[in-house]
Amino acid sequence: MSANGETESRPAPPAPPRPARRPRRSRGLAALIVVAMAGAGAYLVYGGKAPKELMEKAVRLWDSTTHRLEPTAGAAETPPRRVAGAAWDGLVGLDDGQIKAIGVKVTPARAQSEPIKLELTGRTSYNENSLTKIRPRFDTLVEGVLTEKGRLVKKGDPLVELYSTELATAKNAFQVNYVQWRHDQRFLAVREKLVKTGAISEQTYVDTVNDERKSRLAHLTSLENLRVLGVPDSEITPLTASLGDDSASPGDLLNVADKAKMTLRSPVDGIVIQRDVVPGNLYDNNDVLFVIAPLDHLWVWANVYERDQAKVKLGQRMTIEFPFLDRTISGAVEYVASEVSKDSRAIQVRASIPNPDGELKADMLVRAVLDVPAVEGQTVIPRVSMVMLHGDPYVFVRDPAAEKGRATKLFERRRVFPALESSGVVIVHDGLKAGEEVVSSGSLILSQMYEDLRIVATGVPPE
């Protein structure tokens with residue numbers, strides 16, 4: 001208190017000094033992410049070996065970015081903010097120094113002029129339309145098998161020995177009808193003379209003509225029956241050779257055991273790919289004894305996935321490569337399946353290839369390359385130009401029109417729709433025009449910078 005009794009006011013003690021706020025390093029952190037993404041992108045693009053110079057450029061860019069973000073004197077407590085009302089135009093701007101540091105390069109998109117090479121996997125197979133299935137055409141006992149699976153056979157080579165009473169009956173009927181027809185022929189010749197002299201009536205002669213015609217039809221029918229049963233002409237001719245006027249002993253007509261035998265021969269050239277017959281068993285016309293496939297040509301089946309089905313047409317040129325034989329054969333698409341295979345989940349297309357020397361086998365693995373004609377409006381860009389974001393492909397396109405009056409080069413991120421991707425190039429169906437400049441080096445860094453700018457502009461983090 002003072003001497004006059006009044007309370008003396010004292011000044012309040014000074015407030016302790018507030019610690020200086022550390023400058024925000026959000027942009028510096030974003031730049032650090034850029035460096036990490038650059039390293040990861042280079043790791044992927046260059047097969048796990050990031051070039052040292054690219055990493056050094058990215059680090060220098062980060063240093064320069066963080067240095068520009070250092071707070072100025074007197075503004076330590078106020079973080080940098082975007083100017084009110086300044087909307088982001090969606091473009092990434094880079095000056096010459098940044099372009100050099102990042103290693104950004106651009107290349108013009110070129111119009112597609114060459115056909116797309118659609119690579120397919122497939123296999124060879126025998127031509128199903130040319131397979132020959134060997135069946136007996138009557139009930140029979142197999143006495144002997146004369147060939148094996150995998151053996152090459154020529155037309156006329158013996159396959160199996162058969163023994164059948166049904167066959168013997170058919171041969172007997174053929175001989176009986178032949179004898180009757182020959183009798184009626186001679187009888188008609190005699191009566192032709194008699195009717196001319198009036199020894200027989202006209203009606204008797206007409207009946208004789210009719211009998212000869214009926215016996216001739218019966219003979220021809222029994223002959224065709226033997227051919228239907230598979231009896232070759234070389235085994236039919238001896239059946240009538242001994243039935244002429246100067247025939248041998250009557251014992252020739254009773255040799256049923258020989259008539260019941262027949263050798264089944266190959267009707268075509270090829271390879272036996274299936275054998276389902278053993279000696280001593282009974283078989284009928286429903287049983288397949290052998291399957292013979294030709295070797296002069298093969299089928300090639302290739303798998304086309306559903307997303308590429310619109311690229312395949314009948315008559316398209318197809319190159320078939322045999323990786324283990326170092327051999328390439330040209331073919332054409334002959335057939336496109338109307339359904340998706342349940343096993344491969346792909347649409348099968350077929351081509352035929354020649355195989356005159358028989359070197360190629362069925363079920364060989366092949367690599368087929370299908371030529372898809374160029375489509376007007378499609379463009380070709382380097383594979384490294386395209387980046388994926390949330391499963392969608394994008395490229396960065398330089399925008400010269402927006403650069404007027406500005407010291408930076410501007411790049412627009414644009415969604416594209418590829419028609420085909422390969423290890424070197426991408427065929428773009430929609431999203432680019434020929435002549436537009438796309439970033440061919442540095443796309444991954446630009447992608448991260450774009451995301452950083454979008455976050456700052458909208459405040460919405462990436463999904």
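These numbers come from a predicted model, not from an experiment.
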My understanding is that only residues two or more places apart in sequence, or in another chain, count here; which of them pass salt bridge (Lys or Arg N to Asp or Glu O under 4.0 Å) with Arg413?
Glu451
Which pairs pass ring pair (Phe, Tyr, Trp, His ring centres under 6.0 Å) with one or both residues in residues 394-438, sequence neighbours excluded?
none
Which heavy atom of Phe322 sits nearest to which heavy atom of Met364, and what is that distance?
CD2-CE, 4.2 Å
To the nearest 0.5 Å, how far apart are CG in Asp276 and CZ in Arg135?
11.0 Å
Mind listing the closest non-hydrogen atom pair of Asp95 and Thr408 along with its distance?
N-CG2, 4.1 Å
Side-chain donor/acceptor of Asn303 to backbone N/O of Ala346, under 3.5 Å
no
Could you tell me whether Lys154 and Asp157 make a salt bridge, using a distance below 4.0 angstrom between a side-chain N and a carboxylate O?
no
Other residues, nucleotides and ligands only: do more than 12 of their heavy atoms fall within 6.0 Å of NZ on Lys105?
no
Which residue pairs satisfy the salt bridge (Lys or Arg N to Asp or Glu O under 4.0 Å) criterion with at least one member in residues 376-403, sequence neighbours excluded?
Arg383-Glu421, Asp392-Arg415, Arg398-Glu403, Arg398-Glu437
So how far is it from Leu432 CG to Gln378 CD, rounded to the nearest 0.5 Å?
11.5 Å
Around atom CZ of Arg345, are there more than 12 heavy atoms of other residues, nucleotides or ligands at under 6.0 Å?
yes
Mind running side-chain contact (heavy atoms from CB on, under 4.5 Å) on Val438 and Thr107 for me, showing each step along the way?
CA-CA 6 Å; Val438 297; Thr107 185; 4.0 Å; yes
Residue set satisfying ring pair (Phe, Tyr, Trp, His ring centres under 6.0 Å) with Tyr126, at least two apart, ordered chain then number -> none
Ring pair (Phe, Tyr, Trp, His ring centres under 6.0 Å): pairs with one or both residues in residues 343-374, sequence neighbours excluded:
none
Could you measure the distance from the CD1 atom of Ile292 to the CZ atom of Arg151? Nearest 0.5 Å is fine.
12.0 Å
Is it true that, when you exclude Arg327 itself, more than 12 heavy atoms of the residues, nucleotides or ligands shown sit nearer than 6.0 Å to its CZ?
yes
Can you tell me if Glu114 has over 12 outside heavy atoms packed within less than 6.0 Å of its CD?
no
Between CG on residue Leu167 and NZ on residue Lys171, distance to nearest 0.5 Å:
4.5 Å
Of all heavy-atom pairs between Gly431 and Arg414, which one has the smallest distance, and what is that distance?
O-CD, 2.9 Å
Going by heavy atoms in the side chains, are Leu94 and Val104 under 4.5 Å from each other?
yes
Please give me the minimum heavy-atom distance between Val366 and Arg123, naming the atom from each residue.
CG2-N, 3.7 Å
If we only count heavy atoms from C-beta on, is the Val278 to Tyr283 side-chain gap below 4.5 Å?
yes
Measuring from Leu220:CG to Phe174:CZ, what's the distance to the nearest 0.5 Å?
9.0 Å
Would you say that Lys133 contacts Val291 through its side chain, given a criterion of any heavy-atom pair below 4.5 Å between the two side chains?
yes
Hey, what do you get for CD1 (Ile236) to CG (Leu229), rounding to the nearest 0.5 Å?
9.5 Å
What's the verdict on side-chain contact (heavy atoms from CB on, under 4.5 Å) for Leu146 and Leu159, showing C-alpha distance, side-chain angles and the deciding distance?
CA-CA 5 Å; Leu146 307 177; Leu159 300 177; 5.8 Å; no
Nearest heavy-atom contact between Leu91 and Ala402 is CD1-CB, 3.8 Å
Report yes if the side chains of Leu282 and Leu141 come closer than 4.5 Å at any heavy-atom pair, otherwise no.
yes
Applying salt bridge (Lys or Arg N to Asp or Glu O under 4.0 Å), can you list everything that pairs with Arg137, at least two apart in sequence or on another chain?
none
Please report the closest heavy-atom contact between Gly156 and Arg265, naming both atoms and the distance.
O-NH1, 3.2 Å
Does some side-chain heavy atom of Val349 sit less than 4.5 Å from a side-chain heavy atom of Gln316?
no
Out of Thr140, Asp284, Asp139, which residue meets the side-chain contact (heavy atoms from CB on, under 4.5 Å) rule with Glu166?
Asp139
Can you tell me if Asp326 has over 12 outside heavy atoms packed within less than 6.0 Å of its CG?
no
Give the intermediate values and the outcome of side-chain contact (heavy atoms from CB on, under 4.5 Å) for residues Val142 and Glu161.
CA-CA 6 Å; Val142 172; Glu161 297 284 355; over 6 Å; no
Are any non-hydrogen side-chain atoms of Val369 and Arg367 less than 4.5 angstrom apart?
yes
So Lys117 and Asp371, side-chain contact (heavy atoms from CB on, under 4.5 Å) or not? Walk me through it.
CA-CA 5 Å; Lys117 300 293 185 180; Asp371 288 343; 2.8 Å; yes
Can you find a pair of side-chain heavy atoms, one from Pro136 and one from Leu289, that are under 4.5 Å apart?
yes
Using only heavy-atom distances, determine whether the side chains of Asp452 and Gln448 contain a donor-acceptor pair under 3.5 Å.
yes
Check whether Thr263 reaches the backbone of Pro158 with its side chain - one donor and one acceptor, N or O, closer than 3.5 Å.
no
Do the non-hydrogen side-chain atoms of Thr132 and Pro267 ever get within less than 4.5 Å of each other?
yes
